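Structure first, commentary second.
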Amino acid sequence: MKHTLAAAAVLASFLAGNASAQSSVTVYGLLDAGLTSEHGGADGSVTKLATGVQSGSRIGFKGTEDLGNNLKANFLLENGLDLDTGAYRQGALFGRKAYVGLSGDFGTVNLGLQHNPLFTALDNIDPFETGLTGASLNLMSVASLRTKNSIMYETPKVKGLSASIMYGLGEKPDSATLGRTIDFSIDYANGPLVLTLAHDNRKDSELNTAKVTLLGGTYDFGPAKLHAAYETDKDDIGTDFRDYMLGVSAPVGAAGSVMASYIRKDDRTNARRGGRQLAIGYTYALSKRTNLYTSYGRISNDGAGTNFVGDASSGGSVPLPGHNSSAFTAGMRLKF
């Protein structure tokens, strides 16, 4: 651990020094901490200082090099961290993102560890942006949030239409498909309307292929924005869910914003592992980079459901089967 942290410090110092010398390198980050009270867990209720409630805390380095003829080389390295303990997350120094690539008139190609298009699509249409205690990921699936060993191509946007496709190599001996991931999204954004179709196909084992498909969108009416999504989550060994989300977000005054959502996870098998989530939240901007937040979420589980209220990254308390879960949080997020 000491060697890892020392290497991170050396790299941060090097890149920060270069950032002042050339505009193509940027050091950035996000720090988020809140007080969270969780109820319904199998081990009882707990109040904790949570980290990464609205958004996962991180520090990153990104840059571009102009190669001429509108061609650029790009890189990004992003480390996740816990503010309450100072520990790094995701089990790796740059476990949030790590990639290098090229961009130009043809679009963008990146190689490395990246968010999959399915997660990005859901994050864009969730009124809670997959954070706070209303996070859609409490009941909806994005398969693996990040994909290792991935190659991703993003098209240019043409008349509001764009697409992303990702291929994650399984890198298993004697198998071209085991561990493989194929992801894509097709997105449309024009004026107040945003639509997205995303799909994830994972070969988890020789006997199992898991597939998640998401269709959703938002429409901004001015006084409020409507959010909606429908998702199927199936595999070959007994998973068959249908997920439904309906939400709303709206500005409140000059600096505030309120959001709410209802999500239903419907188990199409006889296992009764589904549930229903209701959530409401509020954010208040102190500046362009700093905001306060508060939110409340509650999940009512079906008979065998153990779904629990979590947030962007701090986890949650798992209930006994069929028991309810709830959480309240209040905190602060700062970007730099």
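Residue numbers start at 1 and run along the sequence shown. It should be emphasised that the depicted structure is a prediction, and the values quoted were computed from it without experimental measurement.
Between Y244 and Y230, the two ring planes are tilted [angle within 30° to 60°].
Using a 4.5 Å heavy-atom cutoff, the side chains of F328 and V309 are not in contact. Residues K62 and Y28 meet the side-chain proximity criterion, which asks for heavy atoms closer than 4.5 Å. A heavy-atom distance below 4.5 Å is not found between the side chains of R333 and R289. Residues L102 and N110 form no side-chain contact, since every pair of their non-hydrogen atoms from C-beta on lies 4.5 Å or further apart. No side-chain heavy atom of Q114 sits less than 4.5 Å from a side-chain heavy atom of R146. Counting heavy atoms from C-beta on, the side chains of H199 and P117 never come closer than 4.5 Å. Between T147 and L113, the closest side-chain pair of non-hydrogen atoms is not below 4.5 Å. Within the 4.5 Å cutoff, side-chain heavy atoms of T239 are placed close to those of D233.
A salt bridge links R264 to D302: one of the charged nitrogens lies within less than 4.0 Å of a carboxylate oxygen. Using a cutoff of 4.0 Å between basic side-chain nitrogens and carboxylate oxygens, K172 and D174 are not scored as salt-bridged. Ion pair D267/R273 flagged as a salt bridge, since at least one NZ, NE, NH1 or NH2 atom sits closer than 4.0 Å to an Asp/Glu carboxylate oxygen. Using a cutoff of 4.0 Å between basic side-chain nitrogens and carboxylate oxygens, K265 and D243 are scored as salt-bridged.
Atom-to-atom distance recorded for K148:NZ and E171:CD is 10.0 Å, nearest 0.5 angstrom. Atom CG of D235 and atom CG of N208 lie 4.5 Å apart (nearest 0.5 Å). Taking CZ from F119 and CG from L137, the interatomic distance works out to 6.5 Å, rounded to the nearest 0.5 Å. S55 OG to L31 CG: the interatomic distance, rounded to the nearest 0.5 Å, is 11.0 Å. The distance from atom OG1 of T283 to atom CD of E129, rounded to the nearest 0.5 Å, is 8.5 Å. To the nearest 0.5 Å, atoms CE (M259) and CG (L132) are separated by 6.5 Å.
A single hydrophobic cluster is seen to contain both L122 and I263, as judged by linkage of ILVMFWY side chains at heavy-atom distances under 4.5 Å, directly or through other members. Hydrophobic cluster membership is shared by F106 and L67, with clusters built from Ile, Leu, Val, Met, Phe, Trp and Tyr side chains linked at under 4.5 angstrom. Both Y188 and L226 are assigned to one and the same hydrophobic cluster, defined by single-linkage of ILVMFWY side chains at heavy-atom distances under 4.5 Å. Put simply, M140 and F128 are part of two different groups of oily side chains (I, L, V, M, F, W, Y) that touch within less than 4.5 Å, one to the next. There is no path of hydrophobic side-chain contacts, each under 4.5 Å, that joins M166 to V142.
Across all non-hydrogen atoms, the minimal contact from H227 to K225 is CD2-O, 3.3 Å. Scanning all heavy atoms of the two residues, the minimum distance from G52 to A312 falls at O-CB, 3.3 Å. Looking at every heavy atom in both residues, N79 comes nearest to F94 through N-CD2, 3.9 Å. The two residues P223 and P251 come nearest to each other via the heavy atoms O-CD, 3.6 Å. The minimum heavy-atom distance between S164 and E154, with the atom names listed, is OG-CG, 3.5 Å. Considering every non-hydrogen atom in both T51 and S313, the closest pair reads O-OG, 3.4 Å.
Within a 6.0 Å radius of NZ in K48, more than 12 heavy atoms belonging to other residues, nucleotides or ligands are found. Environment of CZ in R268: crowded, with over 12 heavy atoms of neighbouring residues, nucleotides or ligands closer than 6.0 Å. Within a 6.0 Å radius of CG in N190, more than 12 heavy atoms belonging to other residues, nucleotides or ligands are found. In Y284, the OH atom is not crowded: 12 or fewer heavy atoms of neighbouring residues, nucleotides or ligands sit closer than 6.0 Å.
For the pair S24 (side chain) and T64 (backbone), a donor-acceptor distance under 3.5 Å is present. A donor-acceptor contact shorter than 3.5 Å links the side chain of S150 to the backbone of G112. Although no hydrogens or angles enter the test, the distance criterion places no donor-acceptor pair under 3.5 Å between the side chain of D187 and the main chain of T196. Looking only at distances, no side-chain donor or acceptor of T306 sits under 3.5 Å from a matching main-chain atom of P319. In this structure a side-chain-to-backbone donor-acceptor pair under 3.5 Å is present from D32 to V53. A donor-acceptor pair under 3.5 Å is absent between the side-chain atoms of N69 and the main chain of L71, judged by distance alone. A distance-only check finds no donor-acceptor pair linking the side chain of R202 to the backbone of T209 [under 3.5 Å].
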Go through N201 and R180 one step at a time and tell me if the side chain to side chain contact (heavy atoms under 4.5 Å, CB included) criterion holds.
CA-CA 8 Å; N201 183 302; R180 175 215 65 201; 3.0 Å; yes

**Prompt:** Run the side chain to side chain contact (heavy atoms under 4.5 Å, CB included) check on R298 and Y296 step by step: do they pass?
**Reply:** CA-CA 7 Å; R298 177 180 175 84; Y296 174 79; 3.9 Å; yes

**Worked verdict on S325 versus H323 for side-chain hydrogen bond (donor to acceptor under 3.5 Å, both in side chains)** = CA-CA 7 Å; S325 169; H323 287 232; over 6 Å; no

Report task. Tell me, with the steps shown, if T36 and T47 meet side chain to side chain contact (heavy atoms under 4.5 Å, CB included). Result -> CA-CA 6 Å; T36 298; T47 298; over 6 Å; no

Kindly indicate, with the supporting measurements, whether the criterion side-chain hydrogen bond (donor to acceptor under 3.5 Å, both in side chains) is fulfilled by T133 and T329. CA-CA 7 Å; T133 54; T329 191; over 6 Å; no

Assess the residue pair N291 and Q54 against the criterion (side-chain hydrogen bond (donor to acceptor under 3.5 Å, both in side chains)); give the C-alpha distance rounded to whole Å, side-chain angles, the decisive distance to 0.1 Å, and a yes or no. CA-CA 10 Å; N291 71 271; Q54 184 179 4; 3.0 Å; yes

**Q.** Verdict with reasoning, E231 to V212, per side chain to side chain contact (heavy atoms under 4.5 Å, CB included)
**A.** CA-CA 7 Å; E231 181 180 76; V212 180; 3.5 Å; yes

Go through the steps to decide whether R89 and D82 satisfy the test salt bridge (charged side-chain N to carboxylate O under 4.0 Å, His left out), and finish with yes or no.
CA-CA 7 Å; R89 296 179 64 87; D82 286 339; 2.7 Å; yes

Practice problem: Tell me, with the steps shown, if R242 and D240 meet salt bridge (charged side-chain N to carboxylate O under 4.0 Å, His left out). | Solution: CA-CA 7 Å; R242 301 292 188 275; D240 189 0; 2.5 Å; yes

Evaluate the side-chain hydrogen bond (donor to acceptor under 3.5 Å, both in side chains) criterion for residues H39 and S326: first the C-alpha distance (whole Å), next the side-chain angles of each, then the deciding distance (0.1 Å), finally the verdict. CA-CA 5 Å; H39 299 274; S326 65; 5.5 Å; no

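At a cut-off of 3.5 Å, with distance as the only test, no side-chain donor of Q277 or N307 sits close to an acceptor on the other residue.
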